[in-house]
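Data block below; observations after.
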Amino acid sequence: MTFKICIRSSGREFTAEEKETVLAAALRQGVMLPYSCRSGACGTCKGKLVSGEVDYGTYEPKAMSAAEKENGHALFCQAKPLSDLVIEAKEIAAAKDIPIRILPARVVQMEKLADDVMRLSLKLAEGQRLQYLAGQYIDILLSGNQRRSFSLATSPLSDELLQLHIRHVPGGHFTGHVFEKMKEKDLLRFQGPFGMFFLREDDVQGSTNVGRSQLPASRDISTSMYVTGDRMSRATSDRPAILIAGGTGFAPIKSILEYAFAQGIQRPLHLYWGVRAKRDLYLPDLPQAWAKQHSNFKFTPVLSEPKPEDHWSGRQGWVHEAVAEDHPDLSRHEVYASGPPPMIDAIKGMVKKHRLPEDRLYYDSFEFAHASS
Ligand SMILES: Cc1cc2nc3c(=O)[nH]c(=O)nc-3n(C[C@H](O)[C@H](O)[C@H](O)COP(=O)(O)OP(=O)(O)OC[C@H]3O[C@@H](n4cnc5c(N)ncnc54)[C@H](O)[C@@H]3O)c2cc1C
Ligand code: FES
């Protein structure tokens, strides 16, 4: 049995399966409701039931008082619909709507994916979850007020463990520590989520309903909704997206792609992953598997310095040049790029030459921290 859930303020609708919580159903269908612990302890997911019935689930009294429940409130991370519902809930419309928090985390797994790439799996304290948009990053907090940025490599829909892909920078203070001293069970602290690198799902340019003045500020749009009368409407982008990863720039793009696949996004998605040699494609089977599973996804690895033992017959050279060769006219595309600053600069240089609209290039440049930070 499925139940229909409608958010009163926006008119957005989604469905919940039997025994599925309102929050889980919303996230599964790309409706971003706020949450933190997902265990009935913090109250972040609290909203109002306008009509319908729920099983309230189990939760701590500090998360929702008896009076609040009496008043029609429910914790959507726990509440399971027993009928169709109309609810009041604050939707996350932009990165700025997600609170930035400082949290401790335990290193639960360290796996070397290549000689110089470590996958670090982090677990938050009992009852804590980090809400983020696919593609965002966190800052690891170090002593002496220093911080180091790393992208979250998994989809926010599977947020039980946070994963980072960390490249060992020769002589690097933090990445050296990760490769030489860090052990499983170590504790660290981080702040986040940060960043504007996430998939734009709505057709910002294509919406003819509103003027740009009604859009949320600048590029801070994730699942934007445009006011048309007293309702909001969504125009989903069907623009082809080209995703360009340089080295561990694969991490945020993996998060974006896993999220897009889970949402059933059907627009063409073409990943170019640029590395030096074959061994630097540190999760080689994953994009190949995606290509088999999703007909709208294509994968092109590009090696800049293949080794003789690689027996490489695929694309060679700089990754942005491969993109330019395949797509001389980018006027209908969106481009998402993450990785080393020189790669990002080269991609920025493509904007004019290949007719890529400037506001359809989204990037995370893996700048390193300067001495004072
Ligand atoms: C938004 C963002 C997201 C990022 N995501 C990732 C990620 O997912 N995975 C990842 O591996 N890295 C990522 N980075 C880069 C990462 O933050 C740096 O590599 C890291 O801070 C290096 O820390 P360190 O203490 O080891 O080096 P430091 O001790 O700070 O640096 C030592 C010296 O190494 C050089 N150096 C440092 N970092 C780099 C670098 N990245 N490239 C070239 N030379 C460098 C500099 O000369 C520096 O003086 C990201 C950066 C940003 C800004
Ligand atoms: S997310 Fe914390 S109580 Fe629901």
Side-chain angles (χ1 to χ4, degrees), residues 21-24 26-27 33-47 56-64 68 73-79 89 99 101 113-114 116-120 124 126-131 135-144 146-154 159 162-182 190-198 245-256 275 280 282 337-344 362-373:
T21 66
V22 174
L23 177 68
L27 297 177
L33 300 184
Y35 67 85
S36 178
C37 69
R38 289 181 85 165
S39 64
C42 70
T44 308
C45 63
K46 194 162 31 197
Y56 288 85
T58 47
Y59 58 89
E60 294 181 23
K62 68 175 166 51
M64 181 170 71
E68 285 175 314
H73 287 89
L75 295 174
F76 291 138
C77 76
Q78 301 300 304
R101 298 188 293 157
L113 301 175
D116 62 349
V117 179
M118 184 77 81
R119 174 160 59 194
L120 216 58
L124 303 190
E126 198 57 42
Q128 292 275 13
R129 293 290 173 98
L130 180 74
Q131 181 160 31
Q136 286 193 295
Y137 71 93
I138 56 171
D139 274 357
I140 306 282
L141 303 178
L142 308 176
S143 59
Q146 295 195 62
R147 50 178 65 223
R148 298 290 186 268
S149 306
F150 292 95
S151 306
L152 293 156
T154 41
D159 62 353
L162 301 176
Q163 289 189 344
L164 310 176
H165 297 169
I166 297 188
R167 186 174 75 83
H168 190 184
V169 173
H173 171 62
F174 175 69
T175 60
H177 171 79
V178 170
F179 276 75
E180 286 147 28
K181 297 205 180 113
M182 188 176 267
F190 72 84
Q191 187 176 32
F194 294 113
M196 303 302 300
F197 187 63
F198 47 80
T248 45
F250 179 64
I253 286 183
K254 172 177 175 288
S255 170
I256 287 175
V275 293
D280 302 314
Y282 55 84
S338 62
M343 182 194 90
I344 301 295
Y362 308 101
Y363 56 86
D364 243 358
S365 182
F366 282 9
E367 309 284 346
F368 44 90
H370 294 287
S372 57
S373 55

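When a ligand or atom number is given, it counts from 1 through the structure's own listing order. Bear in mind the structure is a predicted one, so any value in this text is a computation, not a measurement. The first residue of the sequence shown is numbered 1, and numbering continues consecutively from there. For the numbers below, each heavy atom of this structure counts, side chains included, while hydrogens, waters and symmetry mates do not.
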Can you tell me which portion of Pro252 lies within the under-4.0 Å heavy-atom range of ligand 1? Options are side chain, backbone, both, or neither. neither
CD on Gln131 to OH on Tyr35, rounded to 0.5 Å: 5.0 Å
Polar contact flag for Asp364 and ligand 1 (N/O pairs, less than 3.5 Å): no
Find all atoms of ligand 1 within a distance of less than 4.0 Å from any non-hydrogen atom belonging to Thr175, and give their numbers and elements. 24 (P), 26 (O)
Is there a side-chain contact between Val117 and Asp280 in this structure, where contact means two heavy atoms from C-beta onward sitting under 4.5 Å apart? no
Is there a heavy atom in Ser338 that sits closer than 4.0 Å to ligand 1? no
Relative to each other, are the rings of His165 and Phe250 parallel, tilted or perpendicular (30° and 60° limits)? parallel
Met118 versus His168: any side-chain heavy-atom pair under 4.5 Å? no
Atoms named by residue and atom, protein N, O or S, within reach of atom 2 (Fe) of ligand 2 (under 2.8 Å): Cys37 SG, Cys42 SG
Taking the side chain as every heavy atom from C-beta outward, state whether Leu124 and Leu162 have any pair of such atoms under 4.5 Å apart. yes
Under 6.0 Å between ring centres: does that hold for Phe150 and Phe174? yes
When you look at CD of Glu180, are more than 12 heavy atoms from neighbouring residues, nucleotides or ligands closer to it than 6.0 Å? yes
Just which atoms of ligand 1 are under 4.0 Å from any heavy atom in Val169? 19 (O), 34 (O), 35 (C), 36 (N), 37 (C), 38 (N), 39 (C), 45 (C)
Suppose I only count heavy atoms of His173 and a 4.0 Å limit; which atoms of ligand 1 are within that range? 24 (P), 25 (O), 26 (O), 27 (O), 28 (P), 29 (O)
Could you check whether any side-chain heavy atom of Gln128 comes within less than 4.5 Å of a side-chain heavy atom of Arg38, counting everything from C-beta outward? no
Is the distance between the ring centroids of Phe197 and Tyr362 less than 6.0 Å? no
State the atoms of ligand 1, each with its element, that fall below the 4.0 Å cut-off from a heavy-atom position in Tyr137. 1 (C)
Quick one, Arg148 and Leu141 - any side-chain contact, counting heavy atoms below 4.5 Å? no
Check whether any N or O atom of Phe174, backbone or side chain, sits under 3.5 Å from an N or O atom of ligand 1, and answer yes or no. yes
Could you tell me whether Arg167 and ligand 1 have an N or O pair separated by under 3.5 Å? yes
I'd like to check which ligand 1 atoms, numbered from 1 as shown, lie under 4.0 Å from a non-hydrogen atom of Ile166. 11 (O)
Any side-chain heavy atom of Tyr137 within less than 4.5 Å of one from Leu164? no
